[in-house]
> 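Have a look at this one.
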Amino acid sequence: MAKWENLSKMGLTSLDLSGSSIPCHLTITGDHAFPLVINCEGQVIMAASTYGSGRIVVFGHESYLTTLPELVENALLWLKGDQTVNMSVGVHTLVMNVAENLSNTSFQAKVMDSFSSDEGFGVYVTNAYSFEGREKDLIAFMKSGGGVLIGGQAWWWASQHPNDNVLQQFSGNKVAGVAGIYFTEHYRKGECLTVDPHIPYSWKTVRLCNDFKDDLEFLLQGVTEFDISGGTFSEVLVHGPLSFPITTNPGGQAMIAGGYYGKGRIIVVSHEGVLGNTKLAPFWNNVVHWLDQGRLGVIGVEANNAFNILSKSGLNCQKTGFRSDLSVFVRTVYGGDHIQKIKEFVAEGRGLLIGGHAWYWAQTHPGHNCLTEFSGNKILNPMGLTILSGIVEEGLFQAPNPSTAIKDNYHFRHLLYRFAQHMIENREITPHEEKYLKKLGRDCACFLQMQYDCYSHLLLVSMLTDILKESGIPQVSEECPVSSSKDHLLLCLATEVYRVCPNPEELVGYLIKNIPLLPAVYNHKIKINVNTADREEWISTGLYLSPGMKTHMSMPTEIIKKGWNVQIGCQTDRLDAGTLKRAPYVCERFPVTSEMMLVHNLWGGLIYLIAPPKTQLRGQKVVVQVSAPAPYYQSGVTSMSEWSVLRMAPAPWAELEFENIILTVPSEVVRSLESPDELAALWDRIMRAIADLAAIPPTFKRKERFVCDVQISHGWMHAGYPIMAHKSPAAEMVSVKHMTTNGLWGPIHELGHNQQRGCWEFPSHTTEATCNLWSVYVHETVLHIPRGKAHEQMVLERRNKRAENYANNGKQLNEWDMWIALETYMQLQETFGWEAFKLVFAAYHNMSGFPSDNKGKMNLYCVIFSETVGMNLTRFFKAWGWPIESATETRLSNLPAWSNHPMAQYK
């Protein structure tokens, strides 16, 4: 946004708008428009914007041009911009009193009957009714650097033209609309208003002033349902005041949406394939006519699959790339060509039909912000529409009722306004609205992550900040879980608003109660020694930040702008559960882009350095200005005397770093851990055994990580980096006695998941089966607990019964999963030993070009295992229902057959 030299700088502290003039509300949209004056109902009475190289100021009534001379003078000073010499002002004859008011100023005013840029003035002043067909000339004047001051109201015009579109047919909007300022039919009597020292805002301004009934009636003529199929769709976030959803699924996710931008119109669909869907031909016919607005101009079609349908619309369709002389342009969201020209094309009165998804771009551009960097969103964002990176299920959806679409379905701004009413004015929200509150929280998070330098973003930040200060948030914990949609929303908002609000430290006290005051360490040095492989790696620091606590970190030049990050928090799971025991997301990352950087996190957390893949550094140092110490043990580094002090460090999370694994656990479970070296030795044996069975080197390329949390995204534990687990197993994982007496099936199961490889996995059959090979192996070879005691499902009687039942039920492969599938591998192990598995896994390490389907992979596995043990195992695998092909049997026919295999007893 262009900086506004505030009214108060001209000595104006208030504006008396209480006279007989009744102003209209101005709707503002786009990246550059912002309000100057807002009344008590949140209606914008005056606004400003930029377009091209020029500027515009709009007053909601023409009388203000003459009754508020100080305001006009201030506006003119801003409008002339950098034109330091040119103080000439063109004034339309219908507002000639402006010229009289300027007689005692430094401006030279010239009264004229109509606009003409040949006069050489820098600013033009007019009312909203007197353009005499010179709208294009005025826009060109503004675009090239001129300033325009317009005063007027549209409510009277609207009352005389009830069937006309105010946004695009009222004369004032034919100029001001290009810059994102629209006169509307909504009005309120003027009042005395205090001049805000900053750009003003009101949460009431987010309210929609258009129900889009007429637009939807036009677009949905002859359309009763939408067949949204034939591709993987993204969701369209509809966030602009002049944008609206057209078709949504029951969860409120939009797949087709439309809107106004400047003098033009836009329709977006979240997969380009739908543009060629013949079942939607009537809809696309309506769309192209709506976009054309009766011009009967050329429809330029760059998206080829749309041409056959649109060419039957009765309009002149041509296969072409972008041209400025088109009436409507049809393209996909991919490619970064003509972005600025397309935005100007629409703003100046043309139509855009655009289709495509963003999920693939997001998957192939990790670490990038799809909301702002994806080419389609660079066009769509200022138009109040954004394509999100998530996936929406296809389906058959009913067309909305045009008369009630906004209230009956989900609209971001409408629900946001209703939620603000509920929180600030204690208005009731309906059950229908309440069911969408969680989605509203997610959408607010997406919009805030765009971090736009525009009024709509500043409005949302200010509005949500005030709501959070007013209401606070639930003090969620394991002892105080929350489940209401409103609490979900507030917790989501707290994280995102804290991240982007101008004064986050001021917000903390409203959000987090009873923050403990922890003893601090100052200027702590962290030495970096890394040699990462093809994946990023977390580097523990042993330091902690309390909720809202800030610290500066000094970075060595070797890691600045090299893909490094600082991470605050270890609990990286995003929660989407009905009941929450913590906020949905409590981790924060900061790219290392400067020598000195400030980091903080609303929820606090352990401090990590995140090293990018394929990075080698040794000896460089990072300095953390202030932090709290955490219990942190490193094998071969931390002495027992040091540990006796460190284990009492006050941070709530502790880390134990061993040869091949790092355990992050609640600090209370290590307070009594007197011999971490014994625990380290046991975990070292466990991890070497895992490597041994996987046929990989004993030192992992990247140490595995376990993080215990009060709540995780799914399951009791789940694999990954880090492996996430609930808090309760933490004490067992740091107890040598428990591990050697009772075993540790679950954690080893997850470590086994991390060793699974797609080339010998047959999802979904073996997903929860082959990982248990490591559970059995570690328990028997390291913990010395036999398989029958390691897990109740591994008792021999149960195993035999499962195999018998499976065989007697016809050996149906759709039943071959988890424990049944594991039995197949156990029978192989009990005959051929663990060494056979090690050799098989080793063989896969030296192969490439694997089949992608389960049938092909299962036949390959049969071949490799058979050749490894020197025996034809086809009968065995066929007895388990595997789809063994005749080619596989032929290839292995020279090997002795395994005829007395364990399944042979079942006929």
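Along the sequence shown, the residues carry numbers beginning at 1.
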> Would you find more than 12 non-hydrogen atoms of other residues, nucleotides or ligands less than 6.0 Å from Q449 atom CD?
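Check passes, neighbour count above 12.
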> Would you say the side chain of V44 lies within less than 4.5 Å of the side chain of Y182, judging by non-hydrogen atoms?
no
> Looking at H411 and S243, would you say the former's side chain and the latter's main chain have a donor-acceptor pair under 3.5 Å?
yes
> Would you check if K486 and L490 make a side-chain contact, meaning some heavy-atom pair closer than 4.5 Å?
yes
> State, to 0.1 Å, how close P35 and I199 come at their nearest heavy-atom pair, and which atoms those are.
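In terms of heavy atoms, the two residues are closest at O-CG2, 3.7 Å.
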> Identify which one of T248, N249, D443 satisfies the side-chain hydrogen bond (donor to acceptor under 3.5 Å, both in side chains) criterion when paired with Y410.
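Of the listed residues T248, N249, D443, the side-chain hydrogen bond (donor to acceptor under 3.5 Å, both in side chains) partner of Y410 is D443.
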> Does W203 reach the side chain of L416, with side-chain heavy atoms less than 4.5 Å apart?
no
> Give the ring-plane orientation class for F447 versus H239, where under 30° counts as parallel, over 60° as perpendicular and anything between as tilted.
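Correct class here is tilted.
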> Check whether any side-chain N or O of D408 sits under 3.5 Å from a backbone N or O of P400 as a donor-acceptor pair, and report yes or no.
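No.
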> Heavy atoms only: give me the nearest I181-A33 pair and the separation to one decimal.
CG1-CB, 4.0 Å
> Kindly indicate whether the side chain of D576, heavy atoms from C-beta on, has any atom under 4.5 Å from the side chain of P584.
no
> Under a plain distance cut-off of 3.5 Å, with no hydrogens placed, do D215 and Y260 share a side-chain donor-acceptor pair?
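Indeed, the side chains of Y260 and D215 share at least one donor-acceptor pair under 3.5 Å.
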> Tell me, do E394 and H271 make a side-chain contact under 4.5 Å, heavy atoms counted?
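Result no, sub-4.5 Å side-chain heavy-atom pair not found.
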> Keeping the roles fixed (side chain from D137, backbone from S116), state whether a donor-acceptor pair exists under 3.5 Å.
no
> Mark yes or no for whether E272, through its side chain, and V333, through its backbone, hold a donor-acceptor pair below 3.5 Å.
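No: the side chain of E272 does not pair with the backbone of V333.
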> Is L352 close to R331 at the side-chain level, that is, under 4.5 Å between some pair of heavy atoms?
yes
> Step through the shown structure and confirm whether more than 12 heavy atoms of other residues, nucleotides or ligands are within 6.0 Å of NZ on K204.
yes
> Treating H25 as the side-chain partner and I45 as the backbone partner, does any N or O pair qualify as donor plus acceptor under 3.5 Å?
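Absent.
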> What residue among F233, F397, F226 forms side-chain contact (heavy atoms from CB on, under 4.5 Å) with I256?
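Only one of F233, F397, F226 forms a side-chain contact (heavy atoms from CB on, under 4.5 Å) with I256, namely F226.
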> In terms of relative ring orientation, are H61 and Y64 parallel, tilted or perpendicular, with 30° and 60° separating the classes?
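It falls in the tilted class, 30° to 60°.
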> Between E135 and K263, does at least one N-O distance fall below 4.0 Å, as a salt bridge requires?
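A salt bridge is absent here (no side-chain N lies under 4.0 Å from a carboxylate O).
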> With no hydrogens and no angle check, is any side-chain donor or acceptor of H186 less than 3.5 Å from a backbone partner on C209?
yes
> Please check if the number of heavy atoms outside F218 that lie under 6.0 Å from its CZ is greater than 12.
yes
> With heavy-atom distances below 4.5 Å as the criterion, would you say the side chains of E344 and Y51 are in contact?
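Answer yes - side chains close enough.
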> Strictly distance-based, threshold 3.5 Å: is any side-chain N or O of W284 a donor or acceptor partner for the main-chain N or O of V274?
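Side chain of W284 to backbone of V274, a donor-acceptor pair under 3.5 Å: yes, one is there.
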> In chain order, what residues pass the ring pair (Phe, Tyr, Trp, His ring centres under 6.0 Å) check against H365, with sequence neighbours excluded?
W361
> Do NZ/NE/NH1/NH2 and the carboxylate oxygens of E425 and R427 come within less than 4.0 Å?
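R427 and E425: salt-bridged.
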> For K341, does the NZ atom sit with more than 12 other heavy atoms under 6.0 Å from it, leaving out its own atoms?
no
> Are K439 and E235 within salt-bridge range, i.e. N to O under 4.0 Å?
yes
> Among K136, K343, K143, whose side-chain hydrogen bond (donor to acceptor under 3.5 Å, both in side chains) with E348 holds?
K143
> Where does the angle between the aromatic ring planes of W157 and H161 fall among parallel (under 30°), tilted (30 to 60°) and perpendicular (over 60°)?
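Taking H161 first and then W157, their aromatic rings lie parallel (interplane angle under 30°).
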> With no hydrogens and no angle check, do the side chains of N285 and S313 hold a donor and an acceptor under 3.5 Å apart?
no
> For E428, I'd like to know if atom CD has over 12 heavy atoms of other residues, nucleotides or ligands within 6.0 Å.
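Open.
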> Going by side-chain hydrogen bond (donor to acceptor under 3.5 Å, both in side chains), name the pairs with one or both residues in residues 219-234, residues two or more places apart or in two chains.
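Qualifying pairs: D227-S229, D227-K279.
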> For V238 and F412, which heavy atoms make the closest approach, and how far apart are they?
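For V238 versus F412, the nearest heavy atoms are O-CB, 3.2 Å.
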> Please answer whether the main-chain N or O of I387 pairs with a side-chain N or O of N377 as donor and acceptor at a distance below 3.5 Å.
yes
> Under 3.5 Å, sequence neighbours excluded: what are the donor-acceptor pairs made by side chains of residues 321-330?
{"from": "R323", "atom 1": "NE", "to": "D325", "atom 2": "OD1", "distance (Å)": "2.9"}
{"from": "R323", "atom 1": "NH1", "to": "Q318", "atom 2": "OE1", "distance (Å)": "3.4"}
{"from": "R323", "atom 1": "NH1", "to": "T320", "atom 2": "OG1", "distance (Å)": "3.4"}
{"from": "R323", "atom 1": "NH2", "to": "D325", "atom 2": "OD2", "distance (Å)": "3.4"}
{"from": "S327", "atom 1": "OG", "to": "D292", "atom 2": "OD1", "distance (Å)": "2.5"}
{"from": "S327", "atom 1": "OG", "to": "R295", "atom 2": "NE", "distance (Å)": "3.0"}
{"from": "S327", "atom 1": "OG", "to": "R295", "atom 2": "NH2", "distance (Å)": "3.2"}

> Would you please test H357 and Y334 for ring pair (Phe, Tyr, Trp, His ring centres under 6.0 Å) and show each step?
CA-CA 9 Å; H357 56 76; Y334 316 117; 5.7 Å; yes
> State, yes or no, whether a side-chain contact exists between V287 and L219 at a heavy-atom distance under 4.5 Å.
yes
> Any idea which heavy atoms bring C24 and F183 closest together, and the distance?
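Looking at all heavy atoms of both residues, the shortest contact is SG-CD2, 3.9 Å.
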> What's the shortest heavy-atom distance between L208 and P241, and which atoms?
CD2-O, 3.5 Å
> Taking atom OH of Y436 as the centre, does the number of heavy atoms from other residues, nucleotides or ligands within less than 6.0 Å exceed 12?
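Yes.
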> Hey, are H338 and E302 close enough side-chain-wise for a donor-acceptor pair under 3.5 Å?
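There is no such pair (donor and acceptor under 3.5 Å, judged by atom type) between the side chains of E302 and H338.
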> Closest approach of L237 and C446, non-hydrogen atoms and distance?
CD2-CB, 4.2 Å
> Without hydrogens or angle criteria, can the side chains of Q169 and N165 be said to hold a donor-acceptor pair below 3.5 Å?
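Judged by distance alone, the side chains do not pair up.
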> I'd like to know if the side chain of T404 reaches the main chain of K407, judged simply by a donor and an acceptor atom lying under 3.5 Å from each other, with no hydrogens or angles considered.
no
> Give a yes-or-no answer on whether the side chains of Q43 and N39 include a donor-acceptor pair shorter than 3.5 Å.
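Yes, side-chain donor-acceptor contact under 3.5 Å.
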